[in-house]
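Shown next, in structure tokens, is the structure this report addresses.
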Protein chains: 2
Amino acid sequence: MQPANLLTVISDQLPNLNCSESKVAAVILADPEAATRSSIANLARAAAVSEPSVNRFCKRFDTAGFPDFKLQLARSLASGIRFVSSSVDPGDDVTAYTSKIFDSTINSLAMVRDRISHERISQVVDKLVQAKRIYFFGLGASGAVARDAEHKFFRFNLPVSYHDDVLMQRMLAATGSAGDIFFIISHTGRTRELVEVAQAARAGGATVIALTAPQSPLAAACTLPFTVDVPENTDEYMPMSSRIVHLVMLDVLATGVTLRRGAEFLPHLERIKKSLQPTRFPAP
Amino acid sequence: MQPANLLTVISDQLPNLNCSESKVAAVILADPEAATRSSIANLARAAAVSEPSVNRFCKRFDTAGFPDFKLQLARSLASGIRFVSSSVDPGDDVTAYTSKIFDSTINSLAMVRDRISHERISQVVDKLVQAKRIYFFGLGASGAVARDAEHKFFRFNLPVSYHDDVLMQRMLAATGSAGDIFFIISHTGRTRELVEVAQAARAGGATVIALTAPQSPLAAACTLPFTVDVPENTDEYMPMSSRIVHLVMLDVLATGVTLRRGAEFLPHLERIKKSLQPTRFPAP
DNA sequence: CCCCCAAAAGGTAATAATATTTCATAAAAG
DNA sequence: CTTTTATGAAATATTATTACCTTTTGGGGG
């Protein structure tokens, strides 16, 4: 959707530029941020060329003119900064690592948002709506995700549980049958235990949905793979953002199911909400 | 620090705007991308106001004028943060509710990122680094957050546990003493049980940190309130994004602690990572 | 209840800033 | 010695800003 980063394009084209154009390029690449703020006269002066030269430079890069060029530049800078600064260094101070972690999480979410198959979400919601019973399975960090999922799906008035105990998972999988959904959550999709659980559940005729990495053994082993591609953090200091993405995906699924249930389901939700009131101090 | 997203700022200010300013805001929010491309005359016409009104609008939002405003707008658009005006409607299709949920989550994160006190993060990290023992407490959805926190903090080689059982929480709070940290997570901060637990733990000399809403009874009851202000979703269909924000805040804290521990701590983390290898299928 | 004033909001038109085009000239290539 | 290409000066067009004027609004006295 977004065209290639303007700064990259400029530096790629650097050898093909003529004298005054490359002077302009040099000034812009030296401080792109400043370039977005200056006027054409300013920039021309800084590059020691005439204003029309700057204008020609802009048009060369498929922009309508100088103002449009600045706009595009600002855009590439904004998206660029966030991608570049995504890993935490040992020397980072609070401000630095805090925004890096937030930015990288936001990026993962934005990326998945733009790439996720809505078709597939629809299919998964279909299955969940028809389910007689749902099990959420996860281990380690994904155990917490499974627990959160249970907490969201119990509202739908059907038997839902989460399990982070491999033995329980195996036993439940062995007894699964048509109408049961085993919803398996795994960051890597390569955990042997979970793959075996998926196979066992499938053998019994149950539906197995896996929220996991694409092209993983787990995705291959289930009936309906629901894969999200979250760029792997190789950085030692960086937290896994796949957990977060998984949680949001489950929010989406739960919302899909709620909408499918229709408006007559709302009083039920309202009742659940009300039930918590006595446990709380009144709102200010 | 990154300035707040311009679109978010505009919609925050929406109620404080006068007639023509809100007309301008409406046009911009309806199609921000188009706004970055149009001239001031164009936009004024679209909003049925005069050009100076648009200019005044721009200055109200701390920009130098219309061109600068467009630049900032372009920047906000490129940051992966998309502005979301409406919440989920019963008539929404998959595409609509999926992006609404993602966008609203991303927005909450961006908002907290720009408003959080780094000073306070630092203080909390200080406390956590010095802890002899950490308990994470949460109920309901925050129980899953507490569980995730346990999974992140156990790496630091000190006794960490999570509890979502009120009786356990009470008993542990009663036995807490200096050097213990009770880290209480609550979306509303108004759960009576948790407030009482906080008071009990504090009475015993333990440090009580609460990740919760500002100005809540829980924030008042603890030694070190660590508040995040996540706009409340009044919408029936919309999931709570505070859970996600809390998880990311805990990521930040864990990263802070890791960095404090220094490089000699990395082999320890590496060992933990290696321990999982036999449980997995090899990576492709 | 009305009138008048003050303050705020909004528009018109003049002005300033900025960008673009046209055209002339100089340098390089053929 | 052309022809092409690169470049800048100046004119023009576009766009934004300012200054100033009109209308509206709301709030006390008369």
Side-chain angles (χ1 to χ4, degrees), chain A residues 6 9-77, chain B residues 6 9-77:
Chain A
L6 187 53
V9 175
I10 295 174
S11 54
D12 282 356
Q13 287 295 316
L14 220 48
N16 307 332
L17 298 179
N18 56 38
C19 177
S20 38
E21 282 175 338
S22 53
K23 278 195 240 168
V24 176
V27 172
I28 290 172
L29 292 176
D31 190 350
E33 167 60 30
T36 63
R37 271 196 292 265
S38 76
S39 71
I40 193 167
N42 234 289
L43 191 67
R45 192 147 12 89
V49 299
S50 70
E51 299 181 22
S53 292
V54 176
N55 198 266
R56 281 189 279 265
F57 176 88
C58 297
K59 293 198 169 162
R60 194 183 216 292
F61 290 99
D62 293 314
T63 63
F66 186 68
D68 185 44
F69 179 86
K70 284 201 291 188
L71 230 59
Q72 307 249 54
L73 193 60
R75 234 186 289 265
S76 358
L77 282 176
Chain B
L6 188 51
V9 174
I10 294 175
S11 65
D12 281 356
Q13 287 297 315
L14 220 47
N16 306 333
L17 298 179
N18 55 37
C19 178
S20 38
E21 283 175 338
S22 52
K23 278 195 240 169
V24 177
V27 172
I28 291 172
L29 293 178
D31 191 349
E33 167 60 31
T36 61
R37 272 195 294 264
S38 77
S39 71
I40 194 168
N42 234 288
L43 191 66
R45 193 148 11 90
V49 299
S50 69
E51 298 179 23
S53 291
V54 176
N55 198 264
R56 281 190 280 261
F57 176 88
C58 298
K59 294 200 168 160
R60 194 182 217 291
F61 289 99
D62 294 313
T63 62
F66 187 68
D68 186 44
F69 179 86
K70 283 201 291 188
L71 229 61
Q72 306 249 58
L73 194 60
R75 236 185 288 266
S76 327
L77 286 174

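Note on naming: letters A, B, ... go to the chains in the order of the sequence lines (proteins, then strands), and numbering restarts at 1 for each one.
Rounding to the nearest 0.5 Å places CZ of A:Arg60 at 6.5 Å from CG of A:Asn16. To the nearest 0.5 Å, the span separating CZ on B:Arg37 from CG on B:Leu73 amounts to 11.0 Å.
Residue A:Leu71 contributes atom CG, which lies 15 Å from atom C1' of D:dT15 at whole-angstrom precision. Between the P atom of D:dT7 and the CZ atom of A:Phe57 lies a distance of 13 Å, rounded to the nearest Å. Summarising the geometry, the separation between CG on B:Leu43 and P on D:dT15 is reported as 13 Å, rounded to the nearest angstrom. For the pair B:Arg45 CZ and D:dT14 C1', the computed distance is 14 Å after rounding to whole Å.
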Quiz item: Could you run down nucleotides 13-30 of chain C 5' to 3' and tag each one B, S or - for protein heavy-atom contact under 4.0 Å?
Solution: B-----SBB---------

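Among residue pairs with one or both ends in residues 16-57 of chain A, those qualifying as ring pair (Phe, Tyr, Trp, His ring centres under 6.0 Å) are A:Phe57-A:Phe61, A:Phe57-A:Phe69; sequence neighbours excluded.
Contacts of A:Val54 with the nucleic acid, taken as non-hydrogen atoms under 4.0 Å apart, are absent.
Closest approach of A:Leu14 and A:Ala25 over heavy atoms only: CD1-CB, 3.6 Å. Among all heavy-atom pairs drawn from A:Gln72 and A:Asp62, the shortest one is NE2-O, 4.2 Å.
Regarding contacts with the backbone of D:dT5, every side-chain N or O of A:Asn18 stays at 4.0 angstrom or more from both OP1 and OP2. Phosphate contact (OP1/OP2 of C:dG10, side-chain N/O of B:Ser20, threshold under 4.0 Å): present.
With sequence neighbours left out, the side chain to side chain contact (heavy atoms under 4.5 Å, CB included) criterion links B:Pro67 to no other residue.
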